[in-house]
Amino acid sequence: QVQLVESGGGLAQPGGSLRLSCAATGFALDYYAIGWFRQAPGKEREAVSCRSVTDGTTYYTDSVKGRFTMSRDNAKNTAYLQMNSLKPEDTAVYYCATDRACGLLLHKFYNNGLNSWGKGTLVTVSS
């Protein structure tokens, strides 16, 4: 019954904004780190960001720093990724994932330990 469901994707113009949601069921998100990942057409999946629950820090990959912001609403058991100043290179399917800490989550990702992904949500940035 543990599940994450991504939503909020769609079509945006360059410079526009979208807000992605990651709704959790079966566990409490407030005790877990949350990571966002994306896979662009013809590219490998990459880590976008991760928000730690242990120290309150947030990691963003260089390509999205200053444009993307993570947040969460514990009452709704939902995490968010606010994406501003969108670029065509942001076009991808976006996924969320969790673990006890960002270090653990990213370690699993980089070592191909994350083999169960949801459907994700498609973001298309085009004029």
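Between Trp36 and Glu6 there is a side-chain heavy-atom pair separated by less than 4.5 Å. Side-chain atoms of Pro88 and Ser126, non-hydrogen and from C-beta on, never get closer than 4.5 Å to each other. The closest side-chain heavy-atom distance from Asn77 to Phe27 is not below 4.5 Å. The closest side-chain heavy-atom distance from Met83 to Leu81 is below 4.5 Å. Residues Cys50 and Leu105 have side chains in contact (heavy-atom distance under 4.5 Å, counting atoms from C-beta outward). Side-chain contact between Val125 and Val123: present, with at least one pair of heavy atoms (C-beta onward) separated by less than 4.5 Å. Asp30 is not listed as a side-chain neighbour of Val53, based on a closest heavy-atom distance of 4.5 Å or more.
Stacking of Arg100 on the aromatic ring of Tyr32 is recorded, both the 6.0 Å distance cut-off and the 45° axial limit being met. The cationic group of Arg45 lies under 6.0 Å from the six-membered ring centre of Tyr95 and within 45° of the ring axis, placing it in a cation-pi geometry.
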### Task
List the steps, then state whether side chain to side chain contact (heavy atoms under 4.5 Å, CB included) holds for Arg51 with Ser71.
CA-CA 8 Å; Arg51 183 166 182 158; Ser71 64; 4.1 Å; yes
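For Arg38 against Tyr94, the heavy-atom pair with the smallest separation is NH1-OH, 2.9 Å.
Around atom OH of Tyr110, more than 12 heavy atoms belonging to other residues, nucleotides or ligands sit under 6.0 Å away. By the 6.0 Å contact criterion, CD on Gln13 is open, its count of non-hydrogen atoms from other residues, nucleotides or ligands being 12 or less.
Note on Asp99 versus Lys108: salt bridge recorded, some NZ/NE/NH1/NH2 to OD/OE distance being below 4.0 Å. Between Lys87 and Asp90 there is no salt bridge, since no side-chain N of the basic residue sits under 4.0 Å from a carboxylate O of the acidic one.
When atom types are taken as modelled, the side chain of Ser49 and the backbone of Tyr60 share no donor-acceptor pair closer than 3.5 angstrom. Arg72 places a side-chain N or O within 3.5 Å of a backbone atom of Leu29 that can act as its donor or acceptor partner. A donor-acceptor contact shorter than 3.5 Å is absent between the side chain of Thr78 and the backbone of Asp73.
Using the six-membered ring where Trp is involved, Phe37 and Trp117 have ring planes that are perpendicular, over 60° apart on the 30 and 60° scheme.
Asn84 and Ser17 are linked by a side-chain donor-acceptor pair at a separation below 3.5 angstrom, with hydrogens and angles left out of the test. No side-chain donor from either of Tyr80 and Arg19 sits under 3.5 Å from a side-chain acceptor of the other.
One hydrophobic cluster holds both Met70 and Val48 under the rule that ILVMFWY side chains link at heavy-atom gaps under 4.5 Å.
Evaluated for a side-chain contact (heavy atoms from CB on, under 4.5 Å) with Phe68, the options Thr61, Leu86, Thr58 yield exactly one hit, Leu86.
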